[in-house]
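See below for the structure under consideration.
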Amino acid sequence: MALRRNSEPMALTPAVFHILLALSDGQKHGYAIMKEIETEGGGFLRMGPGTLYASLQRMETAGLVTQSEELQDEDQRRRYYRLTGAGKRALGRELVRLRRALISARRKGLAPALRNSAW
């Protein structure tokens, strides 16, 4: 998660990263978050409800997401989540970290160039 150890930001877990990414274009309820993660992950990543809701609870405690007060549909059981400013900053830092890792991997010949690959 984006908590700090020795005043340095830590890398996000894959679950937290993908939840933040799913929420980056607007608020969503839990099932919509799970489906987007599955779709955007190309079938390589699936997140069950236990992982999702435990992660969302920790993320809410850490100030990365918040529950929306607005009711989006008639099903009052659905809880909608949205990014906070801290969540947006954590996602931005993680994207920079991942970009740097990809650049390093390319320099070492471990990842193909963008022009001729699906990366």
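Heavy-atom basis, side chains included; hydrogens, waters and symmetry copies ignored.
Side-chain atoms of Gln67 and Glu60, non-hydrogen and from C-beta on, do get closer than 4.5 Å to each other. The shortest distance between side-chain heavy atoms of Arg100 and Val96 falls below 4.5 Å. The side-chain heavy atoms of Tyr81 and Thr66, taken from C-beta on, include no pair separated by under 4.5 Å. Between Leu98 and Phe17 the shortest side-chain heavy-atom distance falls below 4.5 Å. By the 4.5 Å heavy-atom criterion applied to side chains, Leu64 and Leu83 are not counted as neighbours.
Minimum interatomic distance between Ala15 and Ser55 (heavy atoms only, all atoms of both residues): CB-OG, 3.9 Å. The two residues Leu20 and Gly87 have their closest heavy-atom pair at CD1-O, 4.0 Å. For the residue pair Ala32 and Lys28, the shortest heavy atom distance occurs at CB-CB, 4.1 Å. Here the closest non-hydrogen pair linking Leu52 and Gly30 is CD2-O, 3.2 Å. The two atoms that bring Met34 and Gly48 nearest to each other are SD-C, 3.7 Å, heavy atoms only.
Between atom CD of residue Glu36 and atom OG1 of residue Thr39 there is a gap of 7.5 Å, rounded to the nearest 0.5 Å. Once rounded to the nearest 0.5 Å, the distance linking CZ of Arg79 with OG of Ser68 reads 13.0 Å. Ile37 CD1 to Leu21 CG: the interatomic distance, rounded to the nearest 0.5 Å, is 8.5 Å.
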Verdict with reasoning, Glu38 to Met47, per side chain to side chain contact (heavy atoms under 4.5 Å, CB included) = CA-CA 7 Å; Glu38 186 176 331; Met47 187 178 301; over 6 Å; no
ask   = Under the side chain to side chain contact (heavy atoms under 4.5 Å, CB included) criterion, do Arg82 and Tyr80 qualify, and how do the steps go?
value = CA-CA 7 Å; Arg82 63 181 173 80; Tyr80 283 77; over 6 Å; no
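Across His18, Arg93, Glu94, a single residue satisfies side chain to side chain contact (heavy atoms under 4.5 Å, CB included) together with Leu12, and that is Glu94.
Residue Tyr31 is grouped with residue Leu23 when hydrophobic side chains (ILVMFWY) are merged at heavy-atom distances under 4.5 angstrom, including chains of intermediate members.
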